Amino acid sequence: ETGVTQSPTHLIKTRGQQVTLRCSSQSGHNTVSWYQQALGQGPQFIFQYYREEENGRGNFPPRFSGLQFPNYSSELNVNALELDDSALYLCASSLVSTSSYNEQFFGPGTRLTVL
Amino acid sequence: DAKTTQPPSMDCAEGRAANLPCNHSTISGNEYVYWYRQIHSQGPQYIIHGLKNNETNEMASLIITEDRKSSTLILPHATLRDTAVYYCIVRVALETSGSRLTFGEGTQLTVNP
């Protein structure tokens with residue numbers, strides 16, 4: 001059973017650029033969540049995808065968008081990058097059904113630096 | 001969303017029990033308490049969760065007060081590898097399925113030799 005993987009591990013961009021981060025869910029999981037973690041702070045929920053649709057969103061602007069694919073992998077896209085977008089971006093997958101809820105398993109994260 | 005309050009830092013001697021407190025006085029009846037930890041530069045790791053009863057697994061024990069307004073995570077025999085930031089989280093249910101995790105600042109636990 002493979003865990004949650006993310007790519008790339010590190011990324012450097014400049015203000016105004018666009019970035020795409022990728023996540024492969026743990027085998028058998030159908031839900032993926034994305035979190036942003038600024039230095040010294042706890043992770044902040046960006047959004048969650050379930051059955052390829054957005055299923056809840058945190059306090060992030062529309063320039064943060066995502067996709068979930070039929071194989072349950074996911075992408076996080078950020079347009080018009082700002083300096084404050086510099087953070088560790090975490091992906092978490094879980095198996096959600098109508099009768100149970102399992103814990104979220106996190107990937108190692110992608111460190112994004114915006115210059 | 002129910003808020004959680006944790007001490008910013010704690011120290012523990014190696015081999016001793018580490019008791020990490022968490023206050024969640026506004027928790028509602030159907031919300032669970034979850035604990036995660038994050039070792040430096042890694043993704044958070046699930047530890048344990050509970051609703052109202054005390055829970056124990058191979059990693060830790062979770063003690064929830066009868067009024068559910070606070071809880072304690074217990075690492076029975078702390079090791080140096082337990083040094084991490086520990087997050088107490090109350091689960092928020094979304095509209096259809098799944099839920100998000102609302103992380104606070106957490107407690108930096110340092111296990112000393």
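Convention: sequence-line order gives letters A, B, ...; per-chain numbering from 1. If you're wondering where the values come from, they're calculated on a predicted model, not measured in any experiment. For the numbers below, each heavy atom of this structure counts, side chains included, while hydrogens, waters and symmetry mates do not.
With chain A as the partner, the residue from B:Gln42, B:Gln38, B:Gln45 showing the most heavy-atom pairs under 4.5 Å is B:Gln38. Note: A:Pro43 leads A:Gly40, A:Gly107, A:Pro43 in heavy-atom pairs under 4.5 Å with chain B.
Within 6.0 Å of atom CG in A:Leu39, 12 or fewer heavy atoms from other residues, nucleotides or ligands are found, so the atom counts as exposed in its surroundings.
Separation of the B:Tyr36 and A:Phe106 ring centroids falls under the 6.0 Å cut-off.
One finds the CD atom of A:Gln44 at 11.5 Å from the CG atom of B:Leu101 (value rounded to the nearest 0.5 Å).
Looking at A:Gln37, only its side chain comes within 4.5 Å of chain B, counting heavy atoms on both sides.
In terms of hydrophobic clustering, with Ile, Leu, Val, Met, Phe, Trp and Tyr side chains grouped at heavy-atom distances under 4.5 Å, A:Leu81 and A:Phe64 are assigned to a common cluster. Under the 4.5 Å side-chain heavy-atom criterion for ILVMFWY residues, no single connected hydrophobic cluster contains both A:Tyr50 and A:Leu76. A continuous path of ILVMFWY side-chain contacts below 4.5 Å connects B:Phe103 to B:Tyr32, so both sit in one hydrophobic cluster. Residues A:Ile46 and A:Leu90 are members of separate hydrophobic clusters, defined by side-chain heavy-atom contacts under 4.5 angstrom among Ile, Leu, Val, Met, Phe, Trp and Tyr.
Remark: the backbone N or O of B:Thr102 is not paired with any side-chain donor or acceptor of A:Tyr35 at under 3.5 angstrom.
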